[in-house]
There are 2 protein chains.
Amino acid sequence: MKTGPGAIYWHVANKSELLVAATDAVLADVLAADASGETPQDAIRTVALGVFDAIDAHPWIGAQLSRLASQSATLQIFERIGRQVQALGVPGAAQFDSASALLNYILGVGGQNAANARAQEPGTSRADVLGAESALWSRLDPDQYPFIRGIAGQLRDHDDRAQFLAGIDLILAGIAALR
Amino acid sequence: MKTGPGAIYWHVANKSELLVAATDAVLADVLAADASGETPQDAIRTVALGVFDAIDAHPWIGAQLSRLASQSATLQIFERIGRQVQALGVPGAAQFDSASALLNYILGVGGQNAANARAQEPGTSRADVLGAESALWSRLDPDQYPFIRGIAGQLRDHDDRAQFLAGIDLILAGIAALR
DNA sequence: ACCTGAACACCGTTCAAGT
DNA sequence: ACCTGAACACCGTTCAAGT
């Protein structure tokens, strides 16, 4: 298949519209899974990891998801999270804040992963990046950066996905605690 | 003052390096405030809001902060949060996850605010955007989007900064609960 | 109705020439 | 040592002409 660069402009108004459509298509799978058998917490973890994995596979999605307004995928994710927050018994006034915190965290991590993927030159693996960063951290001034130096070792075999989930669990624990 | 476009390239290697330097300069103020009189929770809230406000004033910072590796401002923010997490008595293994969750949330919201600011055409106020979004939300299909329709009204006089802080408080509550 | 491909605008970057 | 400004590369978009 081969066309001129102008051909797509018959079908979409601009690149952004194209990305919105492509993002919705990719996330349709994630959103297709039904949550009926799960606890609210597990349902939230499932959507969160689904979005995380989708961005991992297609980093350009990460940059795209921030536009709540135009992006129907984001609306659907927010709706799903919101319902689970309701199911957790969070009182009315706090539901919006709780669902937003979860959505912001999910999209925020996604956006950063996307930025990292963009910044990474081709041929570098995640392990390379972590190794380099870990080396950098352990060379920091111990007086200025005691905390970061202390965790530099943990960075080398670090699991991004597990840490993402740990953050979700912290927010869920916070929701449970404040209820 | 007037120069040719090539003049800056004597001083910096590329645009990214320029943005890193500018970001560090802007955040120097935020990081200058000392946290000695505050509780760990308040110290975390102070840094978080400082970063939030800095991005609000200079949206381009938001897009910049994701690069943990090269950005010394991000390292300093992470260090400061990490120390407060230690001060909260979080056990060693969980310190990295807790500090990361806070940092990811702060940078994530910042990045999204930056994207929103970029997407917004000049002359539109935040109130305009919220009004439009609120109108859109209240026109959604009640069967598909019951949760979002339910909160559409709350969106019109919505305080981004307060909601950001509510998210920080949820994570702090989660940290306290899991300890 | 849909595609082609030359052309334009915009922006980050280079570089030979200037002071 | 530092600035100038023409020129290049890259990429999103337009549009008159084709089928």
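These figures come from a predicted structure and were not determined experimentally.
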Practice problem: Please step through side-chain contact (heavy atoms from CB on, under 4.5 Å) for the pair A:Leu102 and A:Val47, ending with a clear verdict. | Solution: CA-CA 11 Å; A:Leu102 286 163; A:Val47 206; over 6 Å; no
Find out if a path of hydrophobic residues (ILVMFWY) with successive side-chain heavy-atom gaps under 4.5 Å connects [X] to [Y].
X	Y	answer
B:Val26	B:Ile106	yes
B:Val129	A:Val20	no
A:Ile55	A:Trp60	yes

Exercise. State, with a plain yes or no, whether a side-chain heavy atom of B:Asp160 is found less than 4.5 Å away from one of B:Phe52.
Key: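 Side-chain contact under 4.5 Å: yes.
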Practice problem: Dot-bracket notation for DNA chain C is requested: 5' to 3', Watson-Crick or G-U wobble pairs only, both distances under 3.5 Å, with ( ), [ ], | and . as defined. | Solution: ||.|||||...|||||.||
Quiz item: Which is it for A:Arg45 and A:Asp169 under the side-chain contact (heavy atoms from CB on, under 4.5 Å) test, yes or no, and what are the steps along the way?
Solution: CA-CA 8 Å; A:Arg45 289 188 189 101; A:Asp169 284 344; 2.7 Å; yes
Practice problem: Can you tell me the distance, in whole Å, between the NE2 atom of A:His11 and the P atom of C:dC2? | Solution: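 Atom-to-atom, A:His11 to C:dC2, this comes out as 7 Å.
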Practice problem: Grab the CH2-C1' distance between A:Trp10 and D:dG12 for me, whole Å please. | Solution: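 The distance from CH2 of A:Trp10 to C1' of D:dG12 comes to 19 Å, rounded to the nearest Å.
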Please list, for nucleotides 13-16 of chain C, all pairs of protein and nucleotide N/O atoms separated by less than 3.5 Å.
residue	atom	partner	partner atom	Å
C:dT13	OP2	B:Tyr9	OH	2.6
C:dT13	OP2	B:Lys15	N	2.8
C:dT13	O5'	B:Tyr9	OH	3.2

Quiz item: Of all heavy-atom pairs between A:Gly167 and B:Ala101, which one has the smallest distance, and what is that distance?
Solution: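 Here A:Gly167 and B:Ala101 meet closest at CA-CB, 3.9 Å.
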Quiz item: Which residues pass the side chain to side chain contact (heavy atoms under 4.5 Å, CB included) test with B:Ser134, sequence neighbours left out?
Solution: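 By the side chain to side chain contact (heavy atoms under 4.5 Å, CB included) rule, B:Ser134 matches B:Leu155, B:Arg156.
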Below 3.5 Å between N/O atoms, which protein atoms pair up with nucleotides 17-19 of chain D? Just atom names and distances, please.
none

Please list every donor-acceptor pair under 3.5 Å in which a side-chain atom of residues 77-98 of chain B meets a protein atom from a residue at least two apart or in another chain.
residue	atom	partner	partner atom	Å
B:Glu79	OE1	A:Phe147	N	3.3
B:Glu79	OE1	A:Ile148	N	2.9
B:Glu79	OE2	A:Phe147	N	2.9
B:Glu79	OE2	B:Arg83	NE	2.9
B:Glu79	OE2	B:Arg83	NH2	3.4
B:Arg80	NH1	B:Ala33	O	2.6
B:Arg80	NH2	B:Leu31	O	2.7
B:Arg83	NH2	A:Gln144	O	2.8
B:Gln86	NE2	B:Gln95	OE1	3.3
B:Gln95	NE2	B:Val90	O	3.0
B:Ser98	OG	B:Ala94	O	2.9

Quiz prompt | Within residues 5-15 of chain A or reaching into it, pairs that qualify as side-chain hydrogen bond (donor to acceptor under 3.5 Å, both in side chains) - sequence neighbours excluded | solution =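 Matches after skipping sequence neighbours: none remain.
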